[in-house]
Protein chains: 2
Amino acid sequence: MPTARGRIDKRQAILDAAITVFARRGYDQACVQEIADEAGVAKPTVYNHLTDKATLFREAMTAATGAAVARHLATLDRLAVPGDDLRTVLEEVALDLLRCHCDERSRAVRRLLHAETARFPDLLSLVRGPSGHRVTEALADRLARLALAGRLRGADPSLAAEQLIALLTGPADLRWPVSSPPDDDLATIAHAAVDTFLRAFAADPPVSQERAIHT
Amino acid sequence: MPTARGRIDKRQAILDAAITVFARRGYDQACVQEIADEAGVAKPTVYNHLTDKATLFREAMTAATGAAVARHLATLDRLAVPGDDLRTVLEEVALDLLRCHCDERSRAVRRLLHAETARFPDLLSLVRGPSGHRVTEALADRLARLALAGRLRGADPSLAAEQLIALLTGPADLRWPVSSPPDDDLATIAHAAVDTFLRAFAADPPVSQERAIHT
DNA sequence: ACAGATTTGAACTCATGGGTTCAACTTAAC
DNA sequence: GTTAAGTTGAACCCATGAGTTCAAATCTGT
């Protein structure tokens, strides 16, 4: 009997290959044979671990989104203890969030999710529902702490979080709808997003870009 | 011989039906027979007017995006002569832009465009390229005029336009990834977006939401 | 009414790919 | 070595749907 560890490895390899191939071809064009090849495995093995093409898709997508969310949350943790230079740490975190967002795998998963909502309505719970807006809400938590500490205006933290994320991802998706932009451009976008965000949400004696008014 | 007008009508009916069915099923799942039925036409007629399923898709998508862009541009024209209450007219225009963006047909076209970029890379010219960023650039033009008239800060108009659009569409897409939100929520989002936008881009003696600081 | 172009419905060909079957084979535990 | 679970490759069945063919029906300008 093959060891349990070996089974898990095969299953994981299949799920990874599935995401890769689905990303490359889309759901319909991806054929199970190609996924099996990509995983270095025979076709019946795929059906042995994951009964359907449909459940294969579902499992692969949930795993991939889980990983992506985890990466975002890890990045957000750096906002827990912002030093004294809020703008700088915000820019760093924003840039990293944007890197996650523009990562090739992330783009592919979002595209698939977006494309196949008609056929897999249950997958919408990955982006909506309880575990859905996790990233936005985690950011909102951080922003709320910052507001309470007097470092941001007292505004609805959920709204602020949504808008900051929009300022980051909107321009990026608009200018580079397909492939990932060079890191320089990401930095430019992140810088501009944080600048606009701070102009709108900085603490009430407004501290604008260059000059700080009475610390 | 059927009149030339009749031919055009049939072709148009086919293109409309194509968008409808592609939106409903996605490219692969949509079968030509169903499109023919939806258009009230026989299958060979479809192949008579549009040689391929692929070219059918291409033609339908270009027509649909053209119409959508036109609607956006018409809405933007109302920014040409903003009365004295900039915030109000901005909110109105923003709400209408958002309505266009969230329109069912618009969503479907964006989804299809996004989903089939792998198979139809040439369709990317609809969203990028010369005729691509037309809406953003038209908005940038309006904002540039407003800045020159001293009613907005002197900032890069393209950036401002991108960010305003991001503030509008980002939250909307985040909260209602599939169907169109109720109009009340659109208004809330538009209001919040314009508020943040004006906080960041209002003319230099900053006039914030309620109170004007030393005119 | 006539002619030329178009449309129609139905049947047809053909390629693709999901899913299954099965006998041979590998692997790890005992 | 034996055993049992798991894997493999190849062949297979079958549904689906793109695209074509064609004779009959329909339309339109004159």
Side-chain angles (χ1 to χ4, degrees), chain A residues 1-61 112 115-116 118-123, chain B residues 1-61 112 115-116 118-123:
Chain A
M1 178 209 317
T3 174
R5 180 67 215 172
R7 287 216 60 196
I8 284 184
D9 285 350
K10 282 232 159 104
R11 185 189 161 91
Q12 198 51 51
I14 292 173
L15 289 179
D16 284 352
I19 285 291
T20 303
V21 174
F22 281 133
R24 183 155 63 223
R25 304 249 190 259
Y27 180 77
D28 287 281
Q29 291 287 317
C31 64
V32 178
Q33 181 61 60
E34 185 177 358
I35 295 174
D37 291 349
E38 180 86 20
V41 138
K43 187 161 73 140
T45 307
V46 175
Y47 285 100
N48 185 21
H49 285 260
L50 300 140
T51 47
D52 260 342
K53 189 186 183 183
T55 59
L56 170 56
F57 185 71
R58 261 187 271 265
E59 297 288 315
M61 289 295 281
L112 286 168
E116 306 298 336
R119 202 177 341 213
F120 299 96
D122 52 306
L123 283 186
Chain B
M1 176 207 316
T3 176
R5 181 67 216 173
R7 289 217 59 196
I8 284 184
D9 285 350
K10 282 231 159 104
R11 185 190 160 92
Q12 198 51 51
I14 292 172
L15 290 179
D16 283 352
I19 285 292
T20 303
V21 174
F22 281 134
R24 183 155 63 223
R25 303 249 191 259
Y27 180 78
D28 287 280
Q29 291 287 317
C31 64
V32 177
Q33 182 62 61
E34 186 178 357
I35 294 174
D37 291 349
E38 179 88 20
V41 139
K43 186 161 73 141
T45 307
V46 175
Y47 285 100
N48 185 21
H49 286 261
L50 300 141
T51 48
D52 259 342
K53 189 184 184 182
T55 59
L56 170 57
F57 184 72
R58 259 187 274 265
E59 297 288 314
M61 290 294 281
L112 287 168
E116 305 298 336
R119 201 177 343 213
F120 298 96
D122 52 309
L123 284 186

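Here is the naming used below: chain letters follow the sequence lines, and residue numbers restart at 1 for every chain. These numbers come from the heavy atoms of this one structure, side chains and all, not from hydrogens, waters or symmetry mates.
- Distance NZ (B/Lys43) to C1' (D/dT21): 12 Å, rounded to an integer number of Å.
- A straight line from NE2 of B/His49 to C1' of D/dG19 spans 17 Å, rounded to a whole angstrom.
- Side-chain N or O atoms of B/Lys10 include none that pairs as donor or acceptor with a backbone N or O of B/Val41 at under 3.5 Å.
- Between A/Arg11 and A/Asp16, no side-chain nitrogen of the basic residue sits less than 4.0 Å from a carboxylate oxygen of the acidic one, so the salt-bridge criterion is not met.
- Distances were taken from every side-chain heavy atom of A/Lys53 (C-beta onward) to each of D/dT7, C/dT8, C/dG18; the shortest belongs to C/dG18.
- Nearest-nucleotide positions on DNA chain C place B/Thr45 closer to the 5' end than the other of A/Pro44 and B/Thr45.
- At least one cation-pi condition fails for B/Lys53 and B/Phe22: the charged atom is not both under 6.0 angstrom from the six-membered ring centre and inside a 45 degree cone around its axis.
- Atom-to-atom, CG of A/Asn48 to C1' of D/dA5 comes out at 10 Å; the value is rounded to the nearest Å.
- Put simply, CG on B/Leu56 is 12 Å from C1' on D/dA18, counting in whole angstrom units.
- Atom CG in A/Leu50 sits roughly 14 Å away from atom C1' in C/dG19 (whole-Å rounding).
- Taking atom OH on B/Tyr47 and atom C1' on D/dT21, their separation rounds to 14 Å, with Å as the unit.
- Two residues are said to be in side-chain contact when any heavy atoms from C-beta on lie closer than 4.5 Å; A/Glu116 and A/Met61 fail this criterion.
- In plain terms, the two heavy atoms of B/Val32 and B/Tyr47 that are nearest each other are CG2-OH, 3.4 Å.
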Problem - B/Arg119/A/Arg25 under side chain to side chain contact (heavy atoms under 4.5 Å, CB included): CA gap, chis, key distance, verdict - result: CA-CA 8 Å; B/Arg119 201 177 343 213; A/Arg25 304 249 190 259; over 6 Å; no

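- Near DNA chain D, meaning a heavy atom under 4.0 Å away, the residues from residues 14-38 of chain B are B/Ala30, B/Cys31, B/Val32.
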